[in-house]
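Report on one structure; see the data block that follows.
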Amino acid sequence: MRSRSSKRAGRLAGLSLALLLASALLLSACSDSGAQDKQDQAVAPKTEAGNAAAVKEPEGFAFTDTMAPMGHSSGVWYELFVRSFNDSNGDGVGDLNGVTNKLDYLQELGIKGIWLMPINPSPSYHGYDVTDQYAVNPDYGTLDDLKRLLDEAHKRGIKVIMDLVVNHTSSKHPWFLDSAKGKDSKHRDWYTWAEDKEISLSSLGPSGQPVLHASGKSHYLGMFSQDMPDLNFDNPEVRQEMVKVGQFWLKFGMDGLRLDAAKHIYEDFQSSVDDPQTSVKNKAWWQEFRQGMDAVNKDAYLIGEIWDSMSVVGPFLDHALNSGFNFDLSKILLDSAKNERANEVGSTLNRMFTYFSKQSAGAFVDAPFLSNHDGNRVMSEVGSDPNHARMAAAMLLTMPGNPFLYYGEEVGMEGMKPDERLREPMIWAADRKSDGQTTWEAASSNGNTVSVAEQLKDPNSMFNFYKKLISWRYEEPALGDGGIAPFEIANEGVLAYGRVSGDTTLLVVHNLTATKQAVDLNANGEVPFTKVRFQSVDEGIALQGGQLELPPYSTVILQ
Ligand SMILES: [Ca+2]
Ligand SMILES: [Ca+2]
């Protein structure tokens, strides 16, 4: 997977070649997108005004000629499942006041933004099937509690966004109950009925799953499940209503929205996956939504779940969403940590960001993450090896953009599929009956997890490791805002990449392995890095004349 150029000339020429290749690859990868998109991708990026424009580098050394412009990072974010996080009233169910009570904890970790998983009323434990978009789940508290959470978060410099489930509702939502009454009901066309639209009952979903569900003598579309009927976005009333919902929460004080299943607005059937109209219609809808949100708050942060490759994500960043979660990157980082193998992170991201920058006119902000509520927890995914979990974190937290943590990741919580095991109670104290501990379900994957209270006291804990790495990003803004460039090292166990912003050029080097590694940074030409700016371990890192020594499982940032 990892290509290496042994000659310095190869590295220097690498960028323009990489750009050409990227354009060619994108052209073939995006054969379904519109002609304008194709044209955009074929054009090499210009040095536009931005925070990562042309870089002055010492003579004889160059990462890249240009870095694709991108928007500013707002810091490290934290995805939080309210039901499992912290309980304020002793009923064992996490709630909004419980989150408020832990804002000081999140501030100490260095969190600048919280993503609240669904907080609307819902019949399910997870809440992704909403019955009222304008209310708060009574299990979690009241609108007043939410207001207080927002006020207290803002006092601490923490932004709050919430999950907005736009693609579908609960099958118990009053709109759907009305729609199901019959062809003359007011909300009939708010959902997709196979018989009304002459859709074949043998139609399958994007991954070949059944998506048409019986209701009386009719069948409705529910892409995810029969409990989650898809809203019909061809109906202008639906579009207006969902814009109104988004505006309601921004006016309420939310700093933005995490948009669930963003690509499934129009990707409903197997036949929609390859239909160019799917991408065109998705983009048009999210641009309309963006305009609606801009009317209330131009700074609203919109981040979408587009669980797909970069060629699918790109169009969503065109005057629509600020960010798409980087699903491709999470796989690469976890694989590198787990297998102690350096993958092509720098070149892959450089190519990806060139494309995203073009699509977004330089405005996109990447959203890297390791895991979320839909995937195995990091610690479990890397074989319960804390060294691997730390290296995954060290890679994540030296990536451009807004890194997202999943609650409990910072204390090494475990959990493998099924979903319930990924969403277990946060472990606050050694005494599992302490104040705030949620008990709505057993934390059965986390019997051995060292609690937050214990980790706060231990300078070598996973929590304090995360805290240290997060603090680097605020000391050196280039880690958040800068571009990324590949740096070749002829050692499979050592991953390196450049981070570049304005006049700042950094080299991040990770030893992913259990053994000491010595690397010659000058192997392909002399490098200008003379100073250790940050290091993840207290001892064992040495830099002299381009010779770098790295102890096992360590990260260093050179300048
Ligand atoms: Ca409670
Ligand atoms: Ca849909």
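In listed order, ligands and their atoms are each counted from 1. Both backbone and side-chain heavy atoms feed into the values below; hydrogens, waters and symmetry mates do not.
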| field | the Ca ion (ligand 2) reached by D230 (N, O or S, under 3.0 Å) | value | yes
| query | Between I427 and M413, which heavy-atom pair has the shortest distance, and what is it? | reply | N-SD, 4.1 Å
| field | D268 OD1 and I265 O subtending at the Ca ion (ligand 2) (10° steps) | value | 90°
| said: Looking only at N, O or S atoms, which one in D91 sits nearest to the Ca ion (ligand 1)? | reply: OD1
| Is the Ca ion (ligand 2) under 3.0 Å from any N, O or S atom of H168? | no
| request: For the Ca ion (ligand 1), decide whether D139 has an N, O or S atom at a distance under 3.0 Å. | output: no
| task | Taking the six-membered ring for Trp and the single ring otherwise, decide whether the centroids of Y191 and Y220 are under 6.0 Å apart. | result | no
| Among the N, O or S atoms of H264, the one nearest the Ca ion (ligand 2) | O
| Rounded to 10°, how big is the angle at the Ca ion (ligand 1) from N89 OD1 to V93 O? | 150°
| Can you tell me if S88 has an N, O or S atom under 3.0 Å away from the Ca ion (ligand 1)? | no
| task | Assess N167: does it contribute an N, O or S atom lying under 3.0 Å from the Ca ion (ligand 2)? | result | yes
| query | Would G90 count as a contact for the Ca ion (ligand 1), in the sense that one of its N, O or S atoms lies under 3.0 Å from it? | reply | no
| query | For the ring pair Y406 and F81, is the centre-to-centre distance below 6.0 Å? | reply | no
| Do D129 and K172 sit within salt-bridge range, that is, some charged N less than 4.0 Å from a carboxylate O? | no
| Got a salt bridge between E441 and R421, using NZ or NE/NH1/NH2 to carboxylate O under 4.0 Å? | yes
| For the ring pair Y105 and F463, is the centre-to-centre distance below 6.0 Å? | yes
| said: To check your reading of the site, what angle at the Ca ion (ligand 1) do OD1 of D87 and OD2 of D95 form, to 10°? | reply: 80°
| message | Taking the six-membered ring for Trp, are F224 and H168 closer than 6.0 Å centroid to centroid? | response | yes
| Between K186 and D178, is there a salt bridge with N-O shorter than 4.0 Å? | no
